[in-house]
Amino acid sequence: MKRSASGLMAASAFLLATAFGHAAEPFNLAIPLPLTGGQAKFGEMMKRSYEMAAEEINAKGGVKGRKIVLSFEDSQAKPDSARAIVEKLIDVKKQPLIVGEYTSACAKAVAAVANERKTPYLIVASADDSITQQNYKYVFRQNVPNAYYAQGLVSFLREKVQPKTMAILYESSDFGTSGAADMEKWAGKLGCKVLVKEKYEKGAVDFKPILSKVKQAAPDVLFMVSYVMDASLLMKQIKELRLDAKLYAGGAAGFALPEFVDNAKDAAEYVMTATLWTPQVKYKGAKEYADKYKAKYGDFPSYHGASAYSALHVVHDALSRAKSMKSEDITEALKKTKLQTAYGPVAFEDKDGYQNQCFSETFVLQVQAGEHETVWPYAYANKKFIYPFPRWRDRK
Amino acid sequence: MNAAQVEVLLQTLIAGVLLGGLYALIGLGMTLIMGVMKIINLAHGELMMVGMYIAYWMFSLFGIDPYVSVFIAGPLLFFLGILIQKYLINTVLRVDSILPENQVILTVGVGMILASAATIAFKSDYRSTPVKYGTSAFYLSDLWKGSPIELSLSIPWSVSFLFALAITAGLWFFLQRTDTGKSIRATAQDLDAALLMGVNVQRMRVVTFGLGSALVGAAGCLFIPIYYLYPALGGQFTLIAFVITILGGLGSNVGAILGGLILGLFESLTATYVGMGWAPVGRFVIFIAALLFLPGGVASLLRRRAFGK
Amino acid sequence: MKKPLIPLAVLAVLAVLPFSGLSTYMMHILILVLMWTTIGMSWNLLGGYCGQVSFGHAAYFGVGAYTAGLLYFKLQASAWWGIPLSVAVVSVFAFVLGYIVLKLRGPFFALATLASGEVLRITTENWNGFTNGTLGILIQERTWVAKTQYYYIILAITAFTFLLVRRLVASKWGYYFVAVREDQDAAESLGIDTTKYKTIALVVSAALTGICGAFYTNYMGFIDPHIVFALHDISIITIMIVMVGGVATQWGPLVGAGIMVLLAEWIRSIPGLGASHQAFFGVLLVLIILFLPNGIVGDFRKITRLFGRARA
Amino acid sequence: MSESLLQVKNAYKFFGGLAAVTDVSFEIRKGEILALIGPNGAGKTTVFNVVNGFYKPSRGEVWFKGRNISGLKPHKICRMGMARTFQVVKPLQRMSVLDNVVASAFLRAESREKAVEIAEETLKFTGLYEDRDVISKGLPLGKRKRLEIARALATQPELLLLDESFAGLNPAELDESIGIIRRIKERGITIFIIEHHMKVIMAISDRIVVINYGQKIAEGSPEEIQANPAVVEAYLGEDHHA
């Protein structure tokens, strides 16, 4: 009953909006994303999430009575293509704000243009620390910067594991490099010695040589920053080598995706990972979004999707509050954002050398019985963490 | 050297040999095509991706083991290769152009089409075949309780390795003993002489490209139990195939095996003792070194020795 | 030196284009077209005229880009100094590399150059202390917001390259380049020091490409190893531009760059095509190579003949 | 007897373990036409390649104009005054006939104008001037062979190496080419020629060197060679196998 009532309301809101005719000119929003090439997976997940958000917003009457009409432009993860798209959106399509992109390289290209052209740009899932350290007035970032990704994980290490030694493996990308560097700093603060720190080229086939070196070093914690398939290959080969550490921890990204568990299967069990968002997190709308996504596309989304989904709500909120549809006014409205979203509370602060940066809680997931469960911080946990866990040879 | 260091070294060597065997199979198709036709096929990795998708769908839809799919993907890729060669590459080779390399660009185009067709058809999701034996391994400590060191030998890696050897042996037999195989070798060694001997060179080229595609398709099937799959995966394997082809010697399948093993061992040892980030640098450095100092590849060393007897 | 009128006319048109009220979007695309034209023309000198098909022009592009980037990053100098400096750095680099790879012929040369680009990419990624590794180099503030200045700079570079290539090709060197392309043994026995002239072609070609790399750093404001040493997005695109436009032709690179950049952008933005634009573009590429194996300029007669027949 | 221009001293060339040329010695005197003959696969072209620098002799030496040139690169040897043609013609296919010759005329020309001048003169000399704007790929075989000679001549050599410049020509073309060779000789250019065509050889050469299986088996005037039993044997042997 309740659902149909809200549906009715939405429909009538829509009818009202169209009845008052002239206002119904749609609000076109084009979003640059990688839809082909190696990053397409993430582009696709975000695209779906944006679409889901747009549907909801439109069902509730859109932006000031105007329907949001989304379109997507494939930047192929190439900075010059991303820039071309954004130049077009700003100059030709007169789009007053930019949302989107995924890779940090593209986000940097877009951010520079947007700031030069005084057009607000909301970054959704690009991690590189430096993007919001450039004194860009018009660039906003909803996800925390890379340096904060592992915050939740570090607090877990401090309180529950107190490791003495650590090994760090990371992919050779800006994300991997700065993630590993940040973790090394944290380890120093925890009084934990880093025994091995090695990077690898994304897409490597065989990690066993490096893993046997790690095995020999026998660290308490093995921390890895990897994309999804490298993550599952790593865990599979760790299992194969019976490399026993007290804790396997991932630095968000690959380890937090459902595909990680799907592909690594039992090798993924007990693995913990930092993440920026979880489907179980007790933010309003988070579960609804996650369930809806899963119902539609078969799998839970990761934080990338949730951030994209919520970003559109943030945009909606800012546009609704903005005095006009001009870039300056939208920027002002974005700056004053205080919104509870499925991704958590969103507000943009100038803090710790960052500008217009949203700082939010990060979490720790653990794979338990083949599912990602939120285990840390306590306040958000839906399952108790399992630690310590059995050694490989004692597992079935 | 203490026991732990020995363990690391042995484990690294095992990994290197197994990796090398799989690399060899990727290189095998390339070396055949390059040896016979002297063309650079930049769609090689994409053909492997097609083979992997076949194995993936066979597994997901019908539960057919990827190792069985070798016999399904191989023939299918053979026909795909024949089509590509017959209707695209041959057409370009026939026309006279300033640079023969426009054929290469053609294969880039083919690769682009294959990769984006896969994106359209299967989305860009990462996939793998979660076979039951995916992470099983033999352990030294299970066989020998008192062993001072622990070594593991992955079952799927070993099976893939043996398959690779078997396929190479099969290919060797085909090239040495069958008429078609002999004609292919003749075409590879001396085009003019082959023409004089009445070899239907056009047909041999078509067959060769088909065969090369089938081999790399089979390699895809052997890879998927231990690796994963997504549409844009081809590029890096094309590069590996080049390295092996040059290292082993153009057109030599024994060379491809040795080239693969050398590369596998080299990469593994670099990863352990220098740093895994540098392994790809090493890959290309030995590649350039082989081009310069060993123009005929490892195969030329073998031949020289045989000649000496 | 026949018909210098056409190049002048084209230059004049290009020079007044910014006054025709083009959007900054179109200006961006045009800047990319000009940059790719220059890279294409310099590749054409080595590949088209001298016959040494390089699959590694990303190496020179990247070294140029990093010359400019590191000037800014390490010495806090203006990255614009990278343009003159890259000529020197890339020339020396190409000279050394040429010593290694120019001994090889045909597909072996192609593969060695391909590998050299990759080696540089991975080295740059791993050499954190010097290159800032995978984090790349970000220029905090680009010199200009407007496109016009960048446009004229790249236009000047393109015009200079055009003139240089044209001059070279008509000179003794040009004859020697083509002689090397057609038959190295014959050329050698006619008294042409093939190694020397191949090295000249390589160094000139590399230096011009390096200038484009330095320009890219200044224009885009951000570089990282994946972007500037890209095998597909730089090296192979360069070859495609020349092949599609017309190998060993004056205007081929311009036409090719126009197609590869403008047309690709246009196809990419066809609504509803989504991710399939790449397939579409791949098909187009295959068709061009199949029906115009010498490129659009190279097979221009064939095109006009086709249309002539259609009219008759 | 005029002075010696080129000496080959005990030259060997091995490929892998196989000897393609074994202990070959001969000299070429200024102004003469020396022919190198022998059955198919006797190693004639290998000798050429050793002489003009494509191959460094595995053992032995080659002297040109009083200087040891073994191991020098072909382009250096060419600059010293030795030019050659190829058995399989290798014109610069996509260049016009004139441009082909201009490319090689640059060796002795400072400016483009001078190079064109030399080239045009050479084309007139070889009777190709009418065809100067034809793209060389489109020339008939006879003219392509002559273009090879023209290109070599444009480098203004003292010694000209001709590798089967008469093979595949029809009788009319043959006569024309013989005429050209004679006129080249009249210009004072020394000629070293590989030829199959016995009639041509006997008509134009001053002296003949015969090799078989990479070894020199005879040397002398055309008459002497015709009467030499070893030569007859070698050629008969070839006929038996053919």
Side-chain angles (χ1 to χ4, degrees), chain B residues 34 38-40 42-43 87-89 91-120 123-124 231-232 235-236 238-239 242-243 245-246 250 275 277-292 295, chain C residues 47-49 51 53 55 100-101 103-104 106-112 114-123 125-126 133-134 181-182 231-232 236-237 239-240 242-244 246-249 274-295 298-299:
Chain B
M34 262 184 96
K38 314 285 183 281
I39 69 166
I40 296 177
L42 281 178
Y87 294 106
L88 299 175
I89 297 177
T91 321
V92 170
L93 288 178
R94 255 200 301 275
V95 292
D96 179 65
S97 58
I98 295 179
L99 295 177
E101 278 81 1
N102 56 8
Q103 150 277 127
V104 183
I105 302 307
L106 182 77
T107 62
V108 174
V110 171
M112 272 171 90
I113 296 171
L114 289 177
S116 61
T119 314
I120 297 163
K123 299 286 174 209
S124 47
Q236 60 170 335
T238 307
L239 290 180
F242 279 137
V243 178
T245 303
I246 298 299
L250 227 63
W278 289 100
V281 178
R283 177 189 303 166
F284 290 111
V285 169
I286 55 170
F287 176 59
I288 294 180
L291 273 173
L292 290 175
Chain C
Y49 291 104
V53 176
F55 276 73
I100 302 173
V101 298
K103 290 177 181 157
L104 303 164
F108 295 98
F109 174 81
L111 290 178
L114 186 148
S116 65
E118 289 290 286
V119 168
L120 276 180
R121 176 176 65 78
I122 304 161
T123 308
E125 275 174 16
N126 280 282
T134 44
R181 176 187 82 200
E182 293 294 321
L231 171 62
H232 189 273
I236 294 190
I237 295 279
I239 307 175
M240 292 207 273
V242 184
M243 295 255 169
V244 166
V247 168
T249 60
S276 51
H277 71 90
Q278 287 235 313
F280 200 80
F281 195 66
V283 170
L284 193 75
L285 206 65
V286 167
L287 289 179
I288 290 180
I289 295 291
L290 281 184
F291 293 105
L292 303 170
N294 288 309
D299 279 329

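Lettering of chains follows the sequences in order, A, B, ..., and the numbering in each one begins at 1.
Across all non-hydrogen atoms, the minimal contact from Ile122(C) to Gly277(B) is CG2-O, 3.7 Å.
Per-residue counts of heavy-atom pairs under 4.5 Å with chain B were compared for Asn126(C), Val286(C), Ile289(C); the largest is that of Asn126(C). Counting heavy-atom pairs closer than 4.5 Å to chain C, the top residue among Ile105(B), Leu42(B), Leu88(B), Leu239(B) is Ile105(B). The candidate from Ala110(C), Gly298(C), Pro293(C) with the greatest count of non-hydrogen atom pairs under 4.5 Å with chain B is Pro293(C). In terms of non-hydrogen atom pairs under 4.5 Å with chain B, the most contact-rich of Leu284(C), Leu285(C), Asn294(C) is Asn294(C).
Interface remark: Ile100(C) contributes backbone and side-chain atoms alike to the contact with chain B (heavy atom separation under 4.5 Å). Neither the backbone nor the side chain of Arg121(C) comes within contact range of chain B; no heavy atom of the residue lies under 4.5 Å from a heavy atom of that chain. Of the two parts of Phe55(C), only the side chain, counted from C-beta on, holds a non-hydrogen atom closer than 4.5 Å to a non-hydrogen atom of chain B. For a residue to count as touching a neighbouring chain, one of its non-hydrogen atoms must lie under 4.5 Å from one of that chain's; by this rule Val243(B) does not touch chain C. Interface remark: Leu104(C) contributes side-chain atoms only to the contact with chain B (heavy atom separation under 4.5 Å). With a 4.5 angstrom heavy-atom cutoff, Leu106(B) touches chain C via backbone and side-chain atoms both. Heavy atoms closer than 4.5 Å to chain B are found in the side chain of Val53(C), but not in its backbone. Within the 4.5 angstrom heavy-atom criterion, only side-chain atoms of Ala248(C), from C-beta onward, approach chain B.
Under the 4.5 Å side-chain criterion, counting only non-hydrogen atoms from C-beta, Glu125(C) is not in contact with Val281(B).
Put simply, CZ on Phe108(C) and CD1 on Ile40(B) are 9.0 Å apart, with the number rounded to the nearest 0.5 Å. Atom CE of Met112(B) sits about 5.5 Å away from atom CE of Met240(C), to the nearest 0.5 Å. The structure places OG1 of Thr238(B) at 10.5 Å from NE2 of His232(C), a figure rounded to the nearest 0.5 Å.
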Return all side-chain donor-acceptor pairs below 3.5 angstrom for residues 283-292 of chain B, not counting sequence neighbours, or 'none' if the list is empty.
from      : atom 1 : to        : atom 2 : distance (Å)
Arg283(B) : NE     : Glu267(B) : OE2    : 2.6
Arg283(B) : NH2    : Glu267(B) : OE2    : 3.1

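Other residues, nucleotides and ligands contribute over 12 non-hydrogen atoms within 6.0 Å of the NZ atom of Lys38(B).
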